[in-house]
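The next block holds one structure in the form of structure tokens; read it before the comments.
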Number of protein chains: 2
Amino acid sequence: MDAIDRSLVALLQGNARLSYAELARQVGLSAPAVHERVGKLESSGVIRAYRAEVEPESIGLGVTALISIVEDSGGDTDDVLEAFRRMPEIESCYFMAGVESFLLKARVGTIAELEQLIVRLNRTPGVASTRTGIALSTKWENRPQTIEPPTA
Amino acid sequence: MDAIDRSLVALLQGNARLSYAELARQVGLSAPAVHERVGKLESSGVIRAYRAEVEPESIGLGVTALISIVEDSGGDTDDVLEAFRRMPEIESCYFMAGVESFLLKARVGTIAELEQLIVRLNRTPGVASTRTGIALSTKWENRPQTIEPPTA
DNA sequence: CACAGTCCGTGGACGCCATCGACCGGAGCC
DNA sequence: GGCTCCGGTCGATGGCGTCCACGGACTGTG
């Protein structure tokens, strides 16, 4: 992970569809060299995936909610996680410090669907209680951060 | 936005670097047709961007926090937002229903940096108070949802 | 019914790109 | 010095992106 790798990552964070030739021009290497570097970044796990970022409303997901979960003292955390994973509405899942073990970000089409999701969550074994906040609007999301050199 | 557009969006959500030729094979059209459709999806705002998804730890961002903000009754919401936008650590910003007007997702390198961020937030005009939860681990994030036909 | 216009696709052409293999130069190490 | 390894350049070739001309289905109109 030298300076060139960092700029490659930054460039691909900004536009994942840049060609290797274009990346090569930007960082001042040849295309095959860039190809190999990017391949290593992928296989070492630095680059996890390339995703198109889609406007949620246009695919029928107008409602965003953030749901905190308090775990049942009896339940198994892995089972709870597995249950969450099976709910496709849950886009993100964080395991949190504090009384509320999980924070979920969910997206659904309507408030009615959100209600159904919350009911399903509360019925899930291992879930003691939920607390839901509704996002009225998403100001921005997943803004890429500028990459800093390793503690330089 | 017909069925073909939906599968194009789904394919690009899964892998934004698919070639037009490959997309064309998957949806059963010619490459120029796919090129035009994707172009329209981009310019109509359905596809906002193509991003490489990067493992945060590998770029020195090991600490994830979710911060709720209570707004000062005197402050202007737009000014607060503008201040948040200038803090690159804040990856996502939701405007919420409820007492806590904003929910921020922030990523920093160390707890010390998180402390500094919270101090800066509390000093921001228009911010009455903050409440911070620390994510011990990210189970998953921004999982793409399967796209449903428009209320069919 | 014929007609023109529009939309959305196909097929062909051409230049650029991805990708492979051969080669090469510097660093580290006997 | 001479070996090896790593990581780069260069050159070739097949596939891809992209432009353009063309064509069929649908639609509204004289």
Side-chain angles (χ1 to χ4, degrees), chain A residues 1-61 142 144 146-152, chain B residues 1-61 142 144 146-152:
Chain A
M1 258 302 240
D2 61 2
I4 291 180
D5 282 335
R6 265 178 272 123
S7 24
L8 287 175
V9 168
L11 286 165
L12 287 169
Q13 270 188 320
N15 180 5
R17 281 182 79 78
L18 286 175
S19 68
Y20 291 115
E22 183 57 31
L23 291 171
R25 277 188 285 271
Q26 301 271 345
V27 302
L29 286 183
S30 66
V34 167
H35 190 261
E36 192 182 340
R37 276 173 178 265
V38 172
K40 283 181 185 170
L41 288 169
E42 290 168 3
S43 57
S44 71
V46 175
I47 295 178
R48 284 212 197 106
Y50 301 99
R51 291 249 162 89
E53 188 185 300
V54 174
E55 189 186 37
E57 293 80 9
S58 64
I59 55 170
L61 298 173
N142 301 122
T146 52
I147 303 166
E148 50 200 301
T151 335
Chain B
M1 253 306 232
D2 62 1
I4 291 181
D5 282 335
R6 266 177 270 121
S7 28
L8 287 174
V9 168
L11 286 165
L12 287 169
Q13 269 188 319
N15 181 4
R17 281 183 78 79
L18 286 174
S19 68
Y20 290 115
E22 182 57 31
L23 291 170
R25 277 187 286 272
Q26 302 268 345
V27 303
L29 286 183
S30 65
V34 167
H35 188 258
E36 192 183 339
R37 276 174 178 265
V38 172
K40 283 180 184 169
L41 288 169
E42 291 167 3
S43 57
S44 71
V46 175
I47 295 178
R48 285 213 197 104
Y50 301 98
R51 334 209 87 119
E53 187 186 299
V54 174
E55 188 185 40
E57 293 80 8
S58 64
I59 55 169
L61 298 173
N142 301 123
T146 52
I147 302 166
E148 49 200 302
T151 338

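Proteins come first, then strands; the chains are lettered A, B, ... in the order of their sequence lines, and each starts at number 1. Since the structure is predicted, the reported quantities are computational estimates derived from the model, not experimental observations.
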Walk me through whether A:L12 and B:R17 qualify under side chain to side chain contact (heavy atoms under 4.5 Å, CB included).
CA-CA 10 Å; A:L12 287 169; B:R17 281 183 78 79; 3.6 Å; yes
Any non-hydrogen side-chain atom of B:S7 less than 4.5 Å from a side-chain atom of B:Q26?
no
Can you check the B:K40 NZ to C:dC7 P distance for me, whole Å?
8 Å
Criterion side chain to side chain contact (heavy atoms under 4.5 Å, CB included) on A:I4 and A:V34, from CA distance to verdict
CA-CA 9 Å; A:I4 291 180; A:V34 167; over 6 Å; no
Any A:R25 side-chain heavy atom under 4.5 Å of A:Y20 side chain:
no
Below 4.5 Å, heavy atoms only, C-beta onward: do B:V27 and B:R37 meet side chain to side chain?
no
Rounded to the nearest angstrom, tell me the gap between atom CZ in B:R37 and atom P in C:dC8.
8 Å
Whole Å only: how far is the CG atom of B:L29 from the P atom of C:dT10?
5 Å
For nucleotides 16-22 of chain D, just jot down a letter per nucleotide in 5' to 3' order: B, S or -, based on protein non-hydrogen atoms under 4.0 Å.
SSBB---
Validation row: A:R48, B:V54 side chains within 4.5 angstrom (heavy atoms):
no
Measure CD/A:E36 against P/C:dT19 and give the value in whole Å, please.
13 Å
